[in-house]
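The sequence lines fix the lettering, A, B, ..., with proteins before strands; numbering per chain opens at 1.
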Amino acid sequence: MPFTLATWNINSVRLREEIVLKLMQEEAPDVLCLQECKSPVEKIPLEGFRALGYHHMVARGQKGYNGVAILSKIPMEEAGSEDFAGLGHARHIAGRLENGVTIHNFYVPAGGDVADREVNEKFGQKLDYLTEMRDSFHADTPERSILVGDLNIAPREDDVWDHKKLLKVVSHTPIEVEHLAQVQEAGNWVDVTRADIPDGRLYSWWSYRAKDWDAADKGRRLDHVWATPDIAGAAHSSRVLRAARGWEKPSDHAPVFATFDL
DNA sequence: ATGGTGGTGCTACCA
């Protein structure tokens, strides 16, 4: 049975319940992975989601910050969560669908403003988080798995609006890109989005601070869909729903989709 | 070189 998955940094699931429902109604992914829910799990507004067929959820939450959730129309059981770098943050949850596919949903630390761990503790935490992700996939090679989320890194030159201007900007520095590449290598992860859409600029995030985000188009591809090689070939129809960045009271991220024929 | 816009929950912290 084919299924469609979407990943979306929602920047408060309670404030943006209406556009989550809109996405569910208009796009109806079978599985919706959210990041930055900014809500304790028990305060996620499930009623409307259930009414649209999303009867299954696995989630981790905390008050005000972080938070990840997987909402699914397909039966799903929890498959663990990790606290990489020992931050005590709700940044990872895993679910296993009834077809045996495991989904890892990550919200990698943003890393603060300065790309130097000596002066910016948050940058060090981001690198450490990625290193521990790498080690965990190295220790336990994932199979039949999908990894999605806001990884807060735009790895390729065509994942940002200006490669040279962003080389020293957190999210596109060489050391972050190298750390992300090591996570990818450790799990043999295939970048499904770029396997599907190999050429051209592609973004999933546009700052709130731009006057006209659409016209300026100073975006970055921070949100990713990866899969293990045993199922990556089943993926197709990848896309970024750019229009969602222009919806009422938008998140600064747009949802990223992929379909798997499994 | 700087400040620009948001969310959360109390005054800054985070993105």
NZ of K218(A) versus P of dG4(B): gap in Å, rounded? 15 Å
Would a single hydrophobic cluster contain both L34(A) and V31(A), if residues Ile, Leu, Val, Met, Phe, Trp and Tyr are joined by side-chain heavy-atom contacts under 4.5 Å? no
Rounded distance (Å) that lies between atom P of dG7(B) and atom CD of E17(A): 15 Å
I need the full list of side-chain hydrogen bond (donor to acceptor under 3.5 Å, both in side chains) pairs touching residues 45-69 of chain A, with sequence neighbours left out, sorted by first then second residue. R60(A)-E78(A), R60(A)-S81(A), Q62(A)-N66(A), N66(A)-R91(A)
N/O donor-acceptor pair under 3.5 Å between E157(A) side chain and H163(A) backbone: no
What distance, rounded to whole Å, do you find between the two P atoms, one in dA1(B) and one in dA12(B)? 30 Å
By a strict heavy-atom criterion of less than 4.0 Å, which residues belonging to residues 106-129 of chain A are in contact with DNA chain B? Y107(A), A110(A), K122(A)
Under 4.0 angstrom between S12(A) side-chain N/O and dG6(B) OP1 or OP2: no
Axial cation check for F257(A) ring with R239(A), 6.0 Å and 45° limits: yes
Distance between C1' atoms of dC10(B) and dC14(B) (Å, rounded): 14 Å
Interface with DNA chain B, restricted to residues 60-69 of chain A and to heavy atoms under 4.0 Å: K63(A), G64(A), Y65(A)
Rounded to whole angstrom units, what separation is found between the CZ atom of R209(A) and the C1' atom of dG3(B)? 8 Å
Could you label the plane-to-plane angle of the F106(A) and Y129(A) rings as parallel, tilted or perpendicular, counting under 30° as parallel and over 60° as perpendicular? perpendicular
Tell me, which pairs form a salt bridge (charged side-chain N to carboxylate O under 4.0 Å, His left out) where one or both residues lie in residues 111-127 of chain A, sequence neighbours left out? R117(A)-D128(A), K126(A)-E176(A)
Residues D162(A), K165(A); criterion salt bridge (charged side-chain N to carboxylate O under 4.0 Å, His left out); working and verdict: CA-CA 5 Å; D162(A) 189 322; K165(A) 280 197 174 71; 3.3 Å; yes
Closer to the 5' end of DNA chain B via nearest nucleotide, is it C37(A) or D252(A)? C37(A)
Specify the separation, in whole Å, of atom NZ of K211(A) and atom P of dG3(B). 14 Å
Ignoring hydrogens and angles, state whether a donor on the side chain of S238(A) or D196(A) is under 3.5 Å from an acceptor on the partner side chain. yes
Looking at residues at least two apart in the chain, or sitting in another chain, which of them share a salt bridge (charged side-chain N to carboxylate O under 4.0 Å, His left out) with D223(A)? none
Map R91(A) and P250(A) onto DNA chain B by nearest heavy atom, then report which one ends up closer to the 5' terminus. P250(A)
On the six-membered ring of W213(A), is K218(A) placed so that its NZ or CZ lies under 6.0 angstrom from the centre and within 45° of the ring axis? no
Measure the distance from NE2 on H253(A) to C1' on dT5(B) and round it to the nearest whole Å. 13 Å
Atom NZ of K249(A) and atom C1' of dG7(B): how far apart are they, to the nearest Å? 11 Å
Please give, in whole Å, the distance from dA15(B) C1' to R16(A) CZ? 12 Å
Please round to the nearest 0.5 Å and tell me the distance separating atom OG of S145(A) and atom CZ of F137(A). 8.0 Å
D212(A) CG to dT5(B) C1', straight-line distance once rounded to whole Å: 14 Å
Quick one about T4(A) and T259(A) (side-chain donor to acceptor, distance below 3.5 Å, no hydrogens or angles considered), yes or no? yes
Counting Watson-Crick and G-U wobble pairs whose two distances are both under 3.5 Å, find the runs of 3 or more in a row that involve DNA chain B. B:5-8 with B:12-15
